[in-house]
Amino acid sequence: MNTDINTTIAVADAASATSPSVRHRPVQQQPHPDEHDLRQLQARVAAMESRWKTAPDPNRMNLLVFEGSRDRLLAAFVMATGAASCGVDVSMFFTFWSTAALRKPAPQRPNKSIIEWCFGWMLPKGLRATRLSQLDMCGAGRLLMDREMRNKNIADLETLIQAAADLGVRINVCEMSMKLMGIQREELIDYPDLGFCGVATFAEMTTHANTTLFI
């Protein structure tokens, strides 16, 4: 009985394999996209590429340094050197009171007006003349902080600036602030990547960086 059933199934399979309806059944083909769909796809790809090119770079960081106090300058250069050591492209923009902190500890250059000379006399002349924003105590706070930093092997401001230069951190100084306070380019510190720009240039820089900090 089982043999007859198996024989019947085998005959049916052979008949279906040789059946004209099965043998000549057309193969369904996937429809090809028309020209309109192809243009839409190309436009979408071009828009994605354009957004990708103008998107902020997560590996770039800007620091706007406004305050010229020693502790805030320390914080700015600690963040700049820390980020640069991790491979981040760092740019610093010094404006207003922080500009005077970049001056050399040297006499003022000639050919200045009375107001410009007063700015140069009242503002700190160099990094060592900067004060603490809190607990300065007529210089006593600075001495205590310097001693603690030496005892605990914490880098001082001069060391951090040299490290920033070695790591390729760029420093840009606000041209408007220099003009307002009568600070000349020759009066600033020697830094390998020191530039000068205005707020429009810095604003453009912020559009290309994923992080911008105000100090």
Please evaluate residues D71 and S133 with respect to the criterion side chain to side chain donor-acceptor pair (under 3.5 Å), reporting the C-alpha separation (whole Å), side-chain torsions for both, the decisive distance (0.1 Å), and the verdict.
CA-CA 7 Å; D71 47 344; S133 62; 2.5 Å; yes

Applying side-chain contact (heavy atoms from CB on, under 4.5 Å), run through I161 and Y191 and close with a yes or a no.
CA-CA 9 Å; I161 292 179; Y191 190 84; 4.0 Å; yes

Run the side chain to side chain donor-acceptor pair (under 3.5 Å) check on S177 and T95 step by step: do they pass?
CA-CA 6 Å; S177 300; T95 184; 3.1 Å; yes

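A heavy-atom distance below 4.5 Å is not found between the side chains of M61 and T212. The shortest distance between side-chain heavy atoms of F66 and I215 does not fall below 4.5 Å.
Between the side chain of Q108 and the backbone N or O of W117, at least one donor-acceptor pair lies under 3.5 Å. Between the side chain of T159 and the backbone N or O of A155, no donor-acceptor pair lies under 3.5 Å. Side chain of N62 to main chain of T211: no donor-acceptor pair is present (N/O by atom type, distance under 3.5 Å, no hydrogens or angles).
Once rounded to the nearest 0.5 Å, the distance linking OG of S91 with NE2 of H208 reads 11.5 Å. Here the SG atom belonging to C118 is positioned 13.5 Å from the CE atom belonging to M181, to the nearest 0.5 angstrom.
Using a cutoff of 4.0 Å between basic side-chain nitrogens and carboxylate oxygens, E158 and R128 are scored as salt-bridged. A salt bridge does not link R109 to E116: none of the charged side-chain nitrogens sits closer than 4.0 Å to a carboxylate oxygen. Between E186 and R103 there is no salt bridge, since none of the side-chain N atoms of the basic residue sits less than 4.0 Å from a carboxylate O of the acidic one. The pair K152-E148 counts as a salt bridge, with a side-chain nitrogen and a carboxylate oxygen less than 4.0 angstrom apart. D156 has no carboxylate O lying under 4.0 Å from a charged side-chain N of R150, or vice versa, which leaves the two without a salt bridge. In summary, K104 and D190 engage in a salt bridge, as defined by a charged side-chain N under 4.0 Å from a carboxylate O.
In the hydrophobic clustering of ILVMFWY residues, with side-chain heavy atoms under 4.5 Å counting as a link, M176 and L188 come out together.
For L143, the CG atom sits in a packed shell: over 12 heavy atoms of surrounding residues, nucleotides or ligands are nearer than 6.0 Å.
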